[in-house]
Amino acid sequence: MLINSTLSGKKELLLPIHNNRVNLFVCGPTVYDNSHIGHARTYIVFDVVARYLKHKGYSVFYLQNVTDVDDKIIQRATETDASPRLLARKFEQKYLEDMQALGVTNVSYYARASEHIPEIINQIERLIEKGYAYETETGVYFDESRFHDFGKLSHQSVEDLEKHRIEPDPTKRNPGDFSLWKKRQDGPEVTWDSPWGKGRPGWHIEDTAITENYFGAQYDIHGGAMDLIFPHHEAEIAQMEATSGKKPLVRFWMHTGFLNVNGEKMSKSLGNFTTIRDMLKKFDADSFRFFVLSSHYRSPIDFSEDALDQSKKSLERIRQAAKLIEAEIEGSPSTADVASSEKEANDPSILEARARFLDSMENDFNTPYALRAVFEMVRDINRRLNEKSISRNALIDARNLLDEFGQILGIGFSPATGSRAENSEDKTGKLIELLIDMRQKLREKKDWALADEIRNRLTEQGIVLEDAKTGGGKYSIR
RNA sequence: GCCAAGGUGGCGGAGCGGCUACGCAAAUGCCUGCAGAGCAUUACCACUCCGGUUCGAAUCCGGACCUUGGCUCCA
């Protein structure tokens, strides 16, 4: 399959370093606050990347770091008079809950920075030995002038990078040198002993220490959002390629586009963010996943409630078709053709839908194009259901295919809500069903006046009835 | 200033040399006691601008313009 590489700017063929194994690393959160839906976009995208690679038969190890030692955590802890460690744990827990709620379930291992301090120190020592890093009164820095590939990922020259907005630490040799170890003591929980005295790691070093520990000096895919290209990922390349002498650090750098609001990047510093929790109060996770996957992962997307509403409706279309398919399968009792349903799918239209979907995913995870295949299949099935020109076998194949698609995208396409059986757990549900049954008897007697009155008065109570042809029907509580 | 990503129908959003997606919204029809929901069909021939290459360009090559982002906090 083809994956776009930020390094080359081109799509390249995925050939894993270790046979069938794909090592995937994605930059995780800095746990000092609730995550917002911009983060959610990135993590949903890489969840689908992992799902698809697994579906292809690769053994995927998906590693994610958790930055639990950081200036912002310390700052927030100081402001709120909290312990930095407990603050980090609290937001890490909330992050994991958010991911669970979004169906982001394919991370194999979360690695905390604070639990990899020995690996970090070890890597810094090797960088100093090789002459790529030096110590000053304030810390240990990477000497950018020694690493000639610096800037290759962000396509900038070292001279371009001389410009800076933040006043550099005066002890550094070059303004572009970045911190590996900070000689700071901000409290016992965020201070460790090192050959350079007490302190804590710089921002970039944890990722390469962690990936080297689990993957070695080189691995297959590194993901993150575009804002990490510089300086973060550039620094990772410098650190690891300098340490190991092996290039490239990763085969594929994959970067997701931003989630914008009114054309502006959503970010904590701008204050225009919606947390995942708040979003999920208004929309279900599947609608949000659908919204995210409706655009290509590298394109910017503009978040709005209208856009989410539209995604919800689009998803409903697929689910509605799944309902019709299911009802038709249930409704047509097993006949002679059931025996042959064991066979592989052979309906040409369904085979084509599957091929198109998978081809789209093969081409740099083109989920919008893959969704097109889903819609085209849905329309075709609907039409044939109307014409009663589809076999039970084909319907079963279609159902299975929708399940397969749903599995890859992490979206439930199968009908799940609002059925009478599910709502009949409680007494209210039973009472409503009783009314529906009574009303159905009235309808059979063609007592439309009374039947309509029952429906209207239930609607007033927020209970919306949807009659079905055969009677019964469904209801939903608003 | 340098680097990057974009600019496509009413809206969202693919395509990236010919077959001009897909979805939402719209119109018509079907279904229905009615309503809702649903389904089908149809219409919409759109690609920021200016040059060029080509039999043919949204797509390739020049050159503008605009938007957003990065340039040591960021998914």
Base, sugar-phosphate alone, or nothing: which one does [X] contact when heavy atoms must sit under 4.0 Å apart?
| X | result |
| --- | --- |
| A:L259 | base |
| A:S311 | nothing |
| A:S314 | sugar-phosphate |
| A:G38 | base |
| A:H232 | nothing |
| A:N382 | sugar-phosphate |
| A:Y43 | sugar-phosphate |

When the [atom1] atoms of [N] and [M] are considered, how many whole Å apart are they?
| N | M | atom1 | answer |
| --- | --- | --- | --- |
| B:rC45 | B:rC19 | C1' | 14 Å |
| B:rA14 | B:rA21 | P | 15 Å |
| B:rC50 | B:rC66 | C1' | 15 Å |
| B:rG62 | B:rA46 | P | 26 Å |
| B:rA27 | B:rG10 | C1' | 14 Å |
| B:rU53 | B:rG6 | P | 28 Å |
| B:rU41 | B:rC24 | P | 13 Å |
| B:rA75 | B:rA35 | C1' | 47 Å |

*Using a strict cut-off of less than 4.0 Å between a Lys/Arg side-chain nitrogen and an Asp/Glu carboxylate oxygen, indicate whether A:D284 and A:R289 qualify as a salt bridge.*
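So A:D284 does not pair with A:R289 through a salt bridge.
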
Under-4.0 Å side-chain N/O to phosphate OP1/OP2 contact, [X] with [N]:
| X | N | result |
| --- | --- | --- |
| A:R317 | B:rA37 | no |
| A:N366 | B:rA14 | no |
| A:N386 | B:rA40 | no |
| A:T67 | B:rC73 | no |
| A:K265 | B:rG70 | yes |

Could you check how far [atom1] of [X] sits from [atom2] of [N], rounded to whole Å?
| X | N | atom1 | atom2 | answer |
| --- | --- | --- | --- | --- |
| A:F375 | B:rC39 | CZ | P | 11 Å |
| A:L153 | B:rC3 | CG | P | 16 Å |
| A:N260 | B:rG7 | CG | P | 13 Å |
| A:F288 | B:rG12 | CZ | C1' | 15 Å |
| A:R41 | B:rG69 | CZ | C1' | 13 Å |
| A:Q310 | B:rG10 | CD | C1' | 11 Å |
| A:Q320 | B:rA37 | CD | C1' | 7 Å |
| A:L293 | B:rA14 | CG | P | 12 Å |

Could you check which nucleotide pairs with [N] in any of the strands shown, counting Watson-Crick or G-U wobble with both distances under 3.5 Å?
| N | result |
| --- | --- |
| B:rC16 | none |
| B:rC44 | none |
| B:rA25 | none |
| B:rA37 | none |
| B:rU32 | none |
| B:rG9 | none |
| B:rC2 | B:rG70 |
| B:rU54 | none |

Nucleotide of [options] approaching [X] most closely (side-chain heavy atoms):
| X | options | value |
| --- | --- | --- |
| A:R372 | B:rA75, B:rA14, B:rA21 | B:rA21 |
| A:Q156 | B:rC2, B:rC11, B:rA75 | B:rC2 |
| A:L228 | B:rG6, B:rA75, B:rA14 | B:rA75 |
| A:Y369 | B:rA21, B:rC24, B:rU72 | B:rA21 |
| A:H155 | B:rG23, B:rC3, B:rC39 | B:rC3 |
| A:R379 | B:rG33, B:rG23, B:rC39 | B:rG23 |
| A:M226 | B:rA75, B:rC39, B:rA5 | B:rA5 |
| A:E376 | B:rG15, B:rU41, B:rC22 | B:rC22 |
| A:E144 | B:rG33, B:rA75, B:rU72 | B:rU72 |
| A:I301 | B:rG13, B:rU72, B:rG15 | B:rG13 |

Return yes if a side-chain donor-acceptor contact under 3.5 Å exists between [X] and [Y], otherwise no.
| X | Y | value |
| --- | --- | --- |
| A:Q239 | A:T208 | yes |
| A:D177 | A:Y134 | yes |
| A:H255 | A:H233 | yes |
| A:N65 | A:D207 | yes |

*Would A:F142 and A:F178 count as a ring-ring contact (aromatic ring centres under 6.0 Å, His included) if you check the C-alpha gap in whole Å, the side-chain angles of each, and the deciding distance to 0.1 Å?*
CA-CA 5 Å; A:F142 187 92; A:F178 55 87; 5.0 Å; yes

*Tell me, please, whether A:Y32 has A:R76 positioned over its six-membered ring: NZ or CZ under 6.0 Å from the ring centre and within 45 degrees of its axis?*
no

_Any donor-acceptor N/O pair, A:T67 side chain to A:T30 backbone, under 3.5 Å_ = no

_Looking at A:T274, is its backbone amide N or carbonyl O close enough to the side chain of A:D278 to form a donor-acceptor pair, meaning the two atoms are under 3.5 Å apart?_
no

*Which residue lies toward the 5' end of RNA chain B, A:A451 or A:A40, if each is placed at its nearest nucleotide?*
A:A451

*Would you kindly compare A:A449 and A:P29 by the position of their nearest RNA chain B nucleotide and give the one closer to the 5′ end?*
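Whichever sits nearer the 5' end wins; that is A:A449.
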
*Who passes salt bridge (charged side-chain N to carboxylate O under 4.0 Å, His left out) against A:K282, sequence neighbours left out?*
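Counting only residues at least two positions away or on another chain, A:K282 forms a salt bridge (charged side-chain N to carboxylate O under 4.0 Å, His left out) with A:E305.
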
